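A, B, ... follow the sequence lines: proteins, then strands. Residue 1 opens every chain. Model, not experiment: these values are computed from the prediction.
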Protein chains: 2
Amino acid sequence: MSAELWLQALQEHGYRLTESRRAVVEIVAASSRALTPLEVFDLARAAHSDLGLVTVYRTLEKLEELHLIQRVHQPGGCQAFLAASQGHQHLLLCQHCGQATFFEGDNLDQLFATIAQKTGYVIKDHWLQLFGLCQNCQ
Amino acid sequence: MSAELWLQALQEHGYRLTESRRAVVEIVAASSRALTPLEVFDLARAAHSDLGLVTVYRTLEKLEELHLIQRVHQPGGCQAFLAASQGHQHLLLCQHCGQATFFEGDNLDQLFATIAQKTGYVIKDHWLQLFGLCQNCQ
DNA sequence: CTCCTGATGAAAATCGTTTTCATTATAGGG
DNA sequence: CCCTATAATGAAAACGATTTTCATCAGGAG
Ligand SMILES: [Mn+2]
Ligand SMILES: [Mn+2]
Ligand SMILES: [Zn+2]
Ligand SMILES: [Zn+2]
């Protein structure tokens, strides 16, 4: 599981390994859907009942700094976090259960060239996100 | 300008035409970049000094209901609004000045078919947004 | 084991947004 | 053109999420 790797990464960057951090990391690393700070709090308290919501925020902040998690933007809100993609990948989200799946292999260079020419912009970056129904939810 | 059309649309949906609404609509309709409620408030107060921030929120809410404006998600935040695209278009944003330009003609069907096959998802919708530098900001 | 310092949780502060409410002003009917 | 019903307004209070403050605790180097 990536939880151990995340804890190791935190440690390597000079952060201490605490019970609270373990509980938060365990939950976020194991989730296949994006979780809000409050959801993480509720789930992590099962393992560590005197966890504070503040610590959830602080831990998520550090995990994001280290690029271990990323914020997920959705029609319903933009406060949820998910284990980060490795390399250049995009998200596919189930509209029913939230299941998140990364994919790669989009080749949009031709599109970018056309748009750049038509608009005069220099294209530097892009966001692509797909929404649908996962196998379980169809 | 689209401001007149927006005011007309509001009226047709049973909303009254007020000074406050005019001031808000004028600013948002004329902007080529996405504006936050507070930015709209500051700009619109030039024309209508006793405008309340609450009315900015309420007017934006109605304009969004009528699909005249849309929320714009950006790395720095997701509270800004922009005149809505007509039809299926995507956004191109200048990372320096915020200038927003819509484009169309993306053909991602092939990609969606591949992803659907690989993942088992049924693809229902997609978000695509490009970031770069506009002609003035290069 | 001890000590230093980073980390913690409770509480308070803060920020953006929404609700409440008394007052004002739009728009339709006389 | 004036009246009136009621939608709309802005100030203030309430609210929910996030951040800051601070006294206390605990990780881990020595
Ligand atoms: Mn890509
Ligand atoms: Mn498209
Ligand atoms: Zn699903
Ligand atoms: Zn620009």
Side-chain angles (χ1 to χ4, degrees), chain A residues 4 6-28 34-66 68-69 71-81, chain B residues 4 6-28 34-66 68-69 71-81:
Chain A
E4 288 311 313
W6 292 11
L7 291 167
Q8 195 180 315
L10 284 168
Q11 200 169 33
E12 283 167 4
H13 285 263
Y15 297 118
R16 292 181 183 172
L17 259 52
T18 68
E19 272 307 297
S20 300
R21 278 181 186 158
R22 273 180 210 282
V24 169
V25 162
E26 219 101 273
I27 291 299
V28 180
L35 300 175
T36 63
L38 197 61
E39 286 174 322
V40 173
F41 178 62
D42 287 337
L43 292 166
R45 251 195 314 189
H48 184 63
S49 60
D50 52 340
L51 173 66
L53 178 56
V54 208
T55 298
V56 174
Y57 279 100
R58 291 191 275 226
T59 304
L60 291 174
E61 190 177 56
K62 283 170 185 60
L63 293 175
E64 195 181 20
E65 264 172 35
L66 300 181
L68 297 171
I69 63 173
R71 183 179 296 269
V72 175
H73 298 255
Q74 285 177 269
C78 306
Q79 304 77 34
F81 292 88
Chain B
E4 289 312 313
W6 292 11
L7 290 167
Q8 194 180 317
L10 283 167
Q11 200 170 33
E12 282 165 5
H13 285 263
Y15 296 119
R16 294 181 182 174
L17 259 52
T18 68
E19 273 308 296
S20 300
R21 277 180 186 158
R22 274 180 210 282
V24 170
V25 163
E26 219 101 275
I27 291 299
V28 180
L35 300 174
T36 63
L38 196 61
E39 287 173 322
V40 173
F41 178 60
D42 287 337
L43 292 166
R45 249 195 317 190
H48 184 63
S49 59
D50 52 340
L51 173 67
L53 178 57
V54 207
T55 298
V56 174
Y57 278 100
R58 290 191 277 228
T59 304
L60 291 175
E61 189 176 58
K62 283 170 183 61
L63 293 174
E64 195 181 19
E65 263 173 37
L66 301 180
L68 297 171
I69 63 174
R71 184 179 296 269
V72 175
H73 298 255
Q74 286 177 269
C78 306
Q79 305 77 33
F81 292 88

> Between B/Val54 and B/Glu19, just flag the one whose closest nucleotide in DNA chain C comes earlier from the 5' side.
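In this pair, the answer is B/Val54.
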> Output the residues of residues 38-48 of chain B in contact with DNA chain C, where contact means a heavy atom of the residue under 4.0 Å from an atom of the strand; sort by number or write none.
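None, since no heavy atom is under 4.0 Å.
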> Please test B/Gln8 against B/Glu4 for side-chain contact (heavy atoms from CB on, under 4.5 Å), starting from the C-alpha separation and ending with a verdict.
CA-CA 6 Å; B/Gln8 194 180 317; B/Glu4 289 312 313; 5.8 Å; no
> Starting the side chain at C-beta, find the nucleotide from D/dT6, C/dT20, D/dG27 nearest to B/Arg58.
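For the B/Arg58 side chain, the nearest candidate turns out to be C/dT20.
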> Between P on C/dT18 and CD on B/Glu64, what's the gap in Å once rounded to a whole number?
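Going from CD in B/Glu64 over to P in C/dT18 covers 10 Å.
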> I need the OH-C1' distance between A/Tyr15 and C/dT8, as an integer number of Å.
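So the OH-C1' distance, A/Tyr15 to C/dT8, works out to 16 Å.
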> Between A/Arg71 and A/Cys78 (side chain of the first, backbone of the second, donor and acceptor by atom type, cut-off under 3.5 Å), is there such a pair?
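Yes; at least one donor-acceptor contact below 3.5 Å.
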> Under 4.0 angstrom, heavy atoms only, what part of the nucleic acid is A/Gln79 near: base, sugar-phosphate, or nothing?
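It contacts sugar-phosphate atoms only.
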> Indicate whether OP1 or OP2 belonging to D/dG10 is found under 4.0 Å from a side-chain N or O atom of B/Ser20.
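Result: yes.
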> I want to check something: taking the side chain as every heavy atom from C-beta on, are A/Arg58 and A/Thr55 in contact at a cut-off of under 4.5 Å?
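Yes, side chains in contact.
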> A/Leu10 CG to D/dG28 P: how many Å, rounded?
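The distance from CG of A/Leu10 to P of D/dG28 comes to 11 Å, rounded to the nearest Å.
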> What is the distance from CG of B/Leu17 to C1' of C/dG28, rounded to the nearest Å?
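Interatomic distance, CG of B/Leu17 to C1' of C/dG28: 15 Å.
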> For the pair made of CZ in B/Arg16 and C1' in C/dT24, what is the distance, rounded to whole Å?
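Interatomic distance, CZ of B/Arg16 to C1' of C/dT24: 11 Å.
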> Under the side chain to side chain contact (heavy atoms under 4.5 Å, CB included) test against A/Val56, which residue among A/Ile27, A/Thr36, A/Leu38, A/Val40 passes?
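Exactly one candidate clears the test, A/Val40.
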> Using a heavy-atom cut-off of 4.0 Å across all strands, would you classify A/Gln11 as base, sugar-phosphate, or nothing?
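Counting heavy atoms under 4.0 Å across all strands, the contact made by A/Gln11 is with sugar-phosphate only.
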> Does A/His13 form a side-chain contact (heavy atoms from CB on, under 4.5 Å) with A/Glu65? I'd like the steps, not just the answer.
CA-CA 11 Å; A/His13 285 263; A/Glu65 264 172 35; over 6 Å; no
> Rounded to whole Å, please give me the gap between CZ in B/Arg21 and C1' in C/dT26.
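Answer to the nearest Å: 10 Å.
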> Could you check B/Val28 against B/Trp6 for side-chain contact (heavy atoms from CB on, under 4.5 Å), going step by step and ending with a plain yes or no?
CA-CA 10 Å; B/Val28 180; B/Trp6 292 11; 3.9 Å; yes
> Could you walk me through whether B/Val25 and B/Leu68 pass the side-chain contact (heavy atoms from CB on, under 4.5 Å) test, one step at a time?
CA-CA 10 Å; B/Val25 163; B/Leu68 297 171; over 6 Å; no
> Can you work out whether A/Thr59 or B/Tyr57 has the more 5'-proximal nearest nucleotide on DNA chain C?
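Result of the comparison: A/Thr59.
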> Under 4.0 Å from OP1 or OP2 of C/dG6: is there any side-chain N or O of A/Thr18 that close?
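Result: no.
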> Calculate the interatomic distance between B/Glu61 atom CD and D/dA8 atom P; express it in whole Å.
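It is 12 Å, rounded to the nearest whole Å.
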> Atom CG of A/Leu60 and atom P of D/dA17: how far apart are they, to the nearest Å?
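To the nearest whole Å, that distance equals 15 Å.
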